[in-house]
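What follows is a single structure, written as structure tokens, with notes after it.
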Protein chains: 2
Amino acid sequence: MEQKLSELAPQASLVGKPVSQLSTPLPVIDETRLEANIDRVQSYMDKIGKAFRPHIKTHKIPAVAQAQVKAGAKGINCQKVTEAQVFADAGFEDILITFNILGLDKLEELAALNEQIADLKVVADSATTVNGLAAAFGQREKSLKVLVECDTGAGRCGVQSAADAISLAEVIANSEGLAFAGLLTYPKAFGEVETEAFFTEALSGLQAKGIACPIVSNGGTPSLFDAEKVPSATEHRAGTYVYNDRAMARSGHCTLDDCAMTILATVVSRPTETRAVIDAGSKALTSDLLGFQDYGHVVDYPEAVITILSEEHGVVDLSGSAPDARPQIGDRIRIIPNHTCVVSNLFDQMVFQRNGIVTRVEPVAARGRVW
Amino acid sequence: MEQKLSELAPQASLVGKPVSQLSTPLPVIDETRLEANIDRVQSYMDKIGKAFRPHIKTHKIPAVAQAQVKAGAKGINCQKVTEAQVFADAGFEDILITFNILGLDKLEELAALNEQIADLKVVADSATTVNGLAAAFGQREKSLKVLVECDTGAGRCGVQSAADAISLAEVIANSEGLAFAGLLTYPKAFGEVETEAFFTEALSGLQAKGIACPIVSNGGTPSLFDAEKVPSATEHRAGTYVYNDRAMARSGHCTLDDCAMTILATVVSRPTETRAVIDAGSKALTSDLLGFQDYGHVVDYPEAVITILSEEHGVVDLSGSAPDARPQIGDRIRIIPNHTCVVSNLFDQMVFQRNGIVTRVEPVAARGRVW
């Protein structure tokens with residue numbers, strides 16, 4: 001054998017092969033659905049007049065981000081400095097990192113990145129983070145753009161009030177080496193009313209102080225098509241929409257037929273009449289439930305329920321299927337994952353297909369970039 | 001900058017550095033605890049007179065498996081062909097793959113592996129799997145050793161009765177190119193009575209038919225120190241014991257002080273008095289709950305509860321900690337994960353430390369090998 005599966009599978013040489021011949025477990029992206037997802041969301045953003053900034057977390061692949069930008073996206077959103085490095089090296093010039101950057105190593109790399117690309121932006125939600133950024137950028141010629149992250153209801157990071165947002169914006173604006181670039185939220189899904197109220201109050205206060213606020217950045221896929229209900233926002237960020245998944249279908253953002261990623265798995269055991277075991281476990285599907293009771297939607301056997309995952313095995317309850325309509329050992333099944341982004345982080349390469357034939361194999365270049 | 005975090009972090013050049021200077025999030029292995037875990041379990045197996053076969057799933061690192069074999073382990077246990085390839089290339093000659101291998105590509109690679117190493121073994125729990133193996137090995141000079149996987153109570157793969165185990169053993173024994181090598185179970189934790197009963201009945205039936213059964217393989221970490229309660233078993237397999245984790249401490253196998261892996265994280269936000277946000281999310285800790293309600297044990301702040309993970313953020317509830325004993329922005333915390341094996345699958349390299357100083361950085365060579 002010239003190449004081992006362990007070294008290169010899935011390989012670039014897979015292009016042109018039927019997907020049905022590929023080794024499982026394997027996530028595969030449907031090109032037609034991918035294109036439709038990109039077009040549908042960009043068209044909506046164009047229609048409502050907001051800039052759109054895709055979050056790369058879902059695919060972690062420069063070629064997919066290039067398709068998003070080609071369709072009209074303004075720039076991209078990364079979560080970590082090391083992700084931004086991958087995309088900067090791939091030629092992206094407008095990158096927003098939505099994370100509080102702390103630590104000397106990361107600040108040094110952030111400074112190098114700010115020299116490398118035209119338009120780098122980060123967020124901060126505390127004076128501690130701002131002071132760290134100011135210490136790293138105070139002596140540099142090119143200042144760093146910093147947005148204030150606001151907690152408008154999601155309960156993760158962010159300042160808790162418009163007053164705090166205004167105060168922190170002032171600290172940024174008064175810091176040598178930093179430029180206040182705007183407000184940002186990672187919002188609660190369907191929390192448009194709270195988000196708009198927060199932004200409106202903060203913008204009014206900034207205006208009263210004469211502080212310009214070039215960007216107001218809202219985000220999220222679940223209620224993306226309600227983005228127009230936050231008129232203050234100048235841009236919207238979203239990641240999951242590009243592949244979609246079972247959780248997005250449940251939220252009403254899309255249907256299961258809009259999910260571009262399916263995970264191919266093989267039935268490797270049928271210990272009982274009602275139990276199948278597949279070769280996709282948490283190393284292929286992840287343990288993300290996102291409120292579901294089971295680990296993905298089985299496209300070909302919709303009554304089948306993936307009840308338990310260990311690392312390499314998925315246990316499937318077939319009791320809801322008619323006895324003559326249950327998969328046998330060796331049969332393949334296709335699974336729409338609960339959460340597509342986390343699956344991307346498990347595979348070094350992603351296979352794309354159209355009409356069942358492999359079109360390309362892309363390195364998941366930013367996989368594992370947690371720093 | 002010569003090297004970017006995204007390219008090489010954590011780097012081999014980290015050796016000798018204080019762990020406190022490394023970029024977070026980062027899992028780190030304590031060498032002293034690792035050695036103690038290996039010695040404690042091997043000593044027990046030596047004492048009760050069973051062969052011990054570590055499962056590499058927990059570390060996926062040849063150097064750690066070498067330490068396990070050096071301590072006295074008989075061979076190793078892999079779950080997938082591509083994992084076995086990594087360890088065969090690293091010089092291991094006795095490898096058991098505990099998975100039903102199906103599919104032409106995998107069977108071809110399995111055949112090459114059987115030529116490469118001295119002692120390869122796989123399992124099967126159905127005639128379909130056995131027939132596939134027989135088709136791939138029937139014309140080959142060196143036969144493949146096959147164990148019958150038995151479901152002794154765990155409810156995953158495996159034949160359901162001793163009678164079925166005996167029948168399948170006969171099929172294997174009568175298949176050109178295959179050699180019946182024994183019985184195996186992935187047992188229910190603390191299910192020693194059921195496991196022994198299953199094995200005893202099957203062994204008796206095999207003996208009556210004159211079929212030799214060289215190996216009887218039991219497994220699992222949670223009730224590992226009850227392995228002597230399965231006298232029929234000739235060997236025991238276990239993975240998690242090598243690092244240990246919060247779930248193993250809950251099972252009584254170890255204490256939290258025996259957990260060799262801790263994940264270093266940094267507090268990046270303190271939005272409220274009782275909320276901290278850390279830079280370790282599901283890409284560092286995974287979403288595995290294993291019956292817990294939260295995502296790991298915070299060593300330095302045991303009252304802190306990691307309530308919600310998104311991919312790069314962990315939300316920590318500090319309401320149980322005294323107001324003057326809560327971590328501030330920039331502080332580091334150490335987390336014992338619920339499930340250590342799945343964390344290993346997220347990082348390309350693993351950092352080891354002794355007394356807070358990095359001793360080595362090992363590639364996680366079998367990370368992501370799901371085929």
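Note that the coordinates shown come from a computational prediction; the quantities given were computed from them, not determined experimentally. Letters A, B, ... mirror the listed sequences (proteins, then strands); counts begin at 1.
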- Message: If you count every heavy atom of other residues, nucleotides or ligands that lies below 6.0 Å from B:Q293 atom CD, does the total exceed 12?
- Response: no
- Scanning both residues in full, the closest heavy-atom pair of A:R156 with B:S310 reads NH1-OG, 2.8 Å
- Task: Under 4.5 Å heavy-atom distance to chain A, tell me which part of B:D348 shows up: side chain, backbone, both or neither.
- Result: side chain
- Message: Using only atom types and a distance under 3.5 Å, with no angle test, would you say the side chain of A:K106 pairs donor to acceptor with the backbone of B:T24?
- Response: yes
- Query: Got more than 12 heavy atoms from elsewhere within 6.0 Å of CD, B:E273?
  - Reply: no
- Message: Shorter than 4.5 Å, heavy atoms on both sides: which option in B:L309, B:I329, B:V159, B:V277 has the most such pairs with chain A?
- Response: B:I329
- Would you give the length of the straight line joining atom OG of A:S269 to atom CG of B:N100, rounded to the nearest 0.5 angstrom? 5.5 Å
- Pair B:R367 + A:E311, salt bridge at N-O below 4.0 Å: no
- Task: Check each atom of B:V315 against the heavy atoms of chain A and say whether the ones under 4.5 Å are side chain, backbone, both or neither.
- Result: side chain
- Note on the structure: Interatomic distance, OG1@A:T128 vs CG@B:D331, rounded to 0.5 Å, equals 10.0 Å
- Residue B:V316 versus chain A: region with a heavy atom under 4.5 Å: neither
- With respect to chain A, which residue among B:R275, B:Q79, B:H339 yields the maximal number of heavy-atom pairs within a distance under 4.5 Å? B:R275
- Query: What heavy-atom pair brings B:E312 and A:R369 nearest, and what distance separates the two atoms?
  - Reply: OE2-O, 3.8 Å
- Query: Between OG of A:S287 and CG of B:L289, what distance do you get to the nearest 0.5 Å?
  - Reply: 8.0 Å
- Counting only heavy atoms closer than 4.5 Å, note whether B:T286 contacts chain A via side chain, backbone, both or neither. neither
- Just how far is it from atom CG of B:L26 to atom CH2 of A:W371, taken to the nearest 0.5 Å? 6.5 Å
- Task: Check step by step if ring-ring contact (aromatic ring centres under 6.0 Å, His included) holds for B:H313 and A:F99.
- Result: CA-CA 9 Å; B:H313 298 86; A:F99 210 84; 4.7 Å; yes
- Item | Region of B:L102 that comes under 4.5 Å of a non-hydrogen atom in chain A | side chain
- Which pair of heavy atoms, one from B:C157 and one from A:P271, lies closest together, and at what distance? CA-CG, 4.0 Å
- Query: Does atom CD of B:Q328 have more than 12 heavy-atom neighbours, drawn from other residues, nucleotides or ligands, at distances under 6.0 Å?
  - Reply: yes
- Query: Looking at B:D279 and A:K80, what are the two nearest heavy atoms and their distance?
  - Reply: O-NZ, 3.6 Å
- For the student: nearest non-hydrogen atoms of A:Q21 and B:D105, plus distance: O-OD2, 4.2 Å
- Message: Using 0.5 Å steps for rounding, measure from the CG atom of A:L346 to the CG atom of B:L346.
- Response: 6.5 Å
- Which of the residues B:A276, B:G155, B:C341 is involved in the greatest number of heavy-atom pairs with chain A at under 4.5 angstrom? B:G155
